[in-house]
Amino acid sequence: MPLWLKTVTKKIQSIRGTHDILPGSVELWQRVERTVHELFALYGYAEIRTPIFEDTELFARSIGAETDIVRKEMYTLTDTKGKQFSLRPEGTASVVRSYIEHSLYHDKAAKKLYYIGPMFRRERPQKGRYRQFHQIGAEVLGSDHPAVEAEVVEMLERFFSRLNLGGLRLLINSVGCVKCRPAYLKRLREDLAKKQAGLCPECRHRSQSNALRVFDCKVDSCQLVIDQLPSIVDHICKDCRQHFEKFEHYLDFLPHSKTMTCRREPRLVRGLDYYVRTAFEIVSDALGPTQNALVGGGRYDGLSEMVGGPPAKGFGFALGMERLILLLSGQEDMRSRYKAPAPDLFLAYVEELYLEKSLKLAQELRGKGVFAYVDFENRSLKAQTRLAHRLQARYLCVVGEDEIEKGKFFLKRMEDGEQSLLSREDIATHVVL
Ligand code: AMP
């Protein structure tokens with residue numbers, strides 16, 4: 001016996017915070033992905049696929065060295081030459097890196113890009129929070145017009161209504177810009193310095209290093225402090241205020257939505273340093289009190305420069321697919337509509353001699369678009385019929401000497417047992433119709 005067989009006995013399992021998406025669930029994921037491809041194209045977005053690992057510095061510079069993501073949550077590895085790479089914790093930085101690297105800014109029009117893919121963060125796993133999770137994201141690069149924001153909201157609203165999802169709340173805020181935010185941050189740090197006693201240890205650290213993040217803390221005692229802090233939206237400059245008001249004005253143009261309500265949320269901030277002006281989230285109470293954010297996004301006008309590119313304004317969002325699937329799979333119609341496909345036709349051969357004939361027939365039928373199923377295990381006819389039931393095949397056809405010689409086949413409809421005698425050429429039309 002080889003050594004590895006003797007010693008390897010422990011069952012290897014998936015890593016905590018990661019998960020398999022199995023047949024039976026994956027159909028719903030595919031449906032969501034199809035909706036993204038179809039709908040986002042209507043708004044002029046093209047898909048972009050970037051690597052899942054990048055130079056660590058890309059994330060440190062863009063997301064911010066003092067953010068929780070970069071400080072604690074990135075999976076970083078060092079190669080043999082001492083270079084550091086990180087698994088991407090989010091998609092925007094990579095898209096902007098690629099936009100610069102391939103000079104996509106040469107187009108006159110704003111560049112609209114979207115992605116679907118896995119992200120990695122070392123977070124404490126719980127329902128709706130994983131270490132490998134998937135995001136659908138979209139970015140508009142090359143425009144700072146507030147109508148961009150409103151069009152993105154329109155697209156998201158349409159996306160959710162196509163998926164029959166309701167009960168969503170859009171929360172919007174402005175987090176100012178590089179001109180007005182420093183003065184607000186100074187004021188915030190001063191306030192926080194006076195309120196240290198009421199803060200959790202993490203927020204005591206944040207209050208100096210990344211003060212805006214205090215607003216995101218879920219600890220009860222911090223909530224009392226947060227309620228007394230000045231709101232950033234009350235301290236933004238005239239340009240930021242006008243931008244925000246125009247965004248709200250364009251939002252008013254959108255048709256009344258049954259899917260989503262909208263309100264200002266003065267305490268909404270984002271956990272990444274690159275956001276300026278508009279910040280938004282879409283939340284669902286059905287996700288529970290702590291992980292209720294389904295979408296997070298905002299404007300990042302200085303990000304391109306931060307990663308060494310030309311000035312390029314930007315706006316985008318990321319939507320957590322696991323949380324979306326969690327919401328959708330709570331819906332009865334989604335569960336029943338998106339299950340693994342069942343065979344159209346199960347070909348049961350009477351003895352092994354007819355396996356080859358069945359394979360040939362199956363090949364022919366697949367060429368005509370029929371999901372034809374042949375079992376290879378040389379089971380009895382009875383066992384094959386049982387299997388056809390288990391697989392929920394729509395039709396069963398027995399393949400034996402008689403059938404092959406005469407070229408006529410009995411097709412049994414599994415639902416009600418109705419039988420039809422068909423010539424070989426007519427099987428596909430009968431089954432597919
Ligand atoms: P963020 O990039 O943190 O703004 O996240 C955007 C969206 O991605 C969130 O609203 C969630 O839906 C989703 N998300 C973020 N982190 C996780 C995670 N660890 N597990 C599952 N989904 C996540």
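Sequential numbering from 1 along the given sequence is applied to the chain's residues. We count ligands from 1, going down the list as the structure has it; atoms in each ligand are counted the same way. For the numbers below, each heavy atom of this structure counts, side chains included, while hydrogens, waters and symmetry mates do not.
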Please list the nearest protein heavy atom to [atom] with its residue and the distance rounded to 0.1 Å.
atom	answer
atom 3 (O) of ligand 1	R121 NH1, 2.9 Å
atom 9 (C) of ligand 1	A293 O, 3.9 Å
atom 13 (C) of ligand 1	G320 CA, 3.5 Å
atom 8 (O) of ligand 1	Q135 NE2, 3.0 Å
atom 20 (N) of ligand 1	Y130 N, 2.9 Å
atom 21 (C) of ligand 1	G128 O, 3.3 Å
atom 19 (N) of ligand 1	E123 OE2, 2.6 Å

Presence of salt bridge, [Y] and [X], under 4.0 angstrom:
X	Y	result
R267	E265	no
R49	E47	yes
E66	R213	no
R206	D68	yes

Between Q291 and R129: side-chain donor-acceptor atoms closer than 3.5 Å: yes
Polar side chain donor-acceptor pair, R121 to Y75, under 3.5 angstrom: no
Backbone, side chain, both or neither: what part of [X] comes under 4.0 angstrom of ligand 1, heavy atoms only?
X	value
F133	side chain
R270	side chain
R131	neither
E90	neither

Passing candidate, side chain to side chain contact (heavy atoms under 4.5 Å, CB included) with D301, options D144, V178, T278: D144
Ligand 1 contacted by E322 (non-hydrogen, < 4.0 Å): no
For E54, all residues meeting salt bridge (Lys or Arg N to Asp or Glu O under 4.0 Å), sequence neighbours excluded: R97
Ligand-side contact atoms (ligand 1) for residue partner A318, heavy atom cut-off under 4.0 Å: 6 (C), 7 (C)
Partners meeting side-chain contact (heavy atoms from CB on, under 4.5 Å) with Q363 (sequence neighbours left out): K360
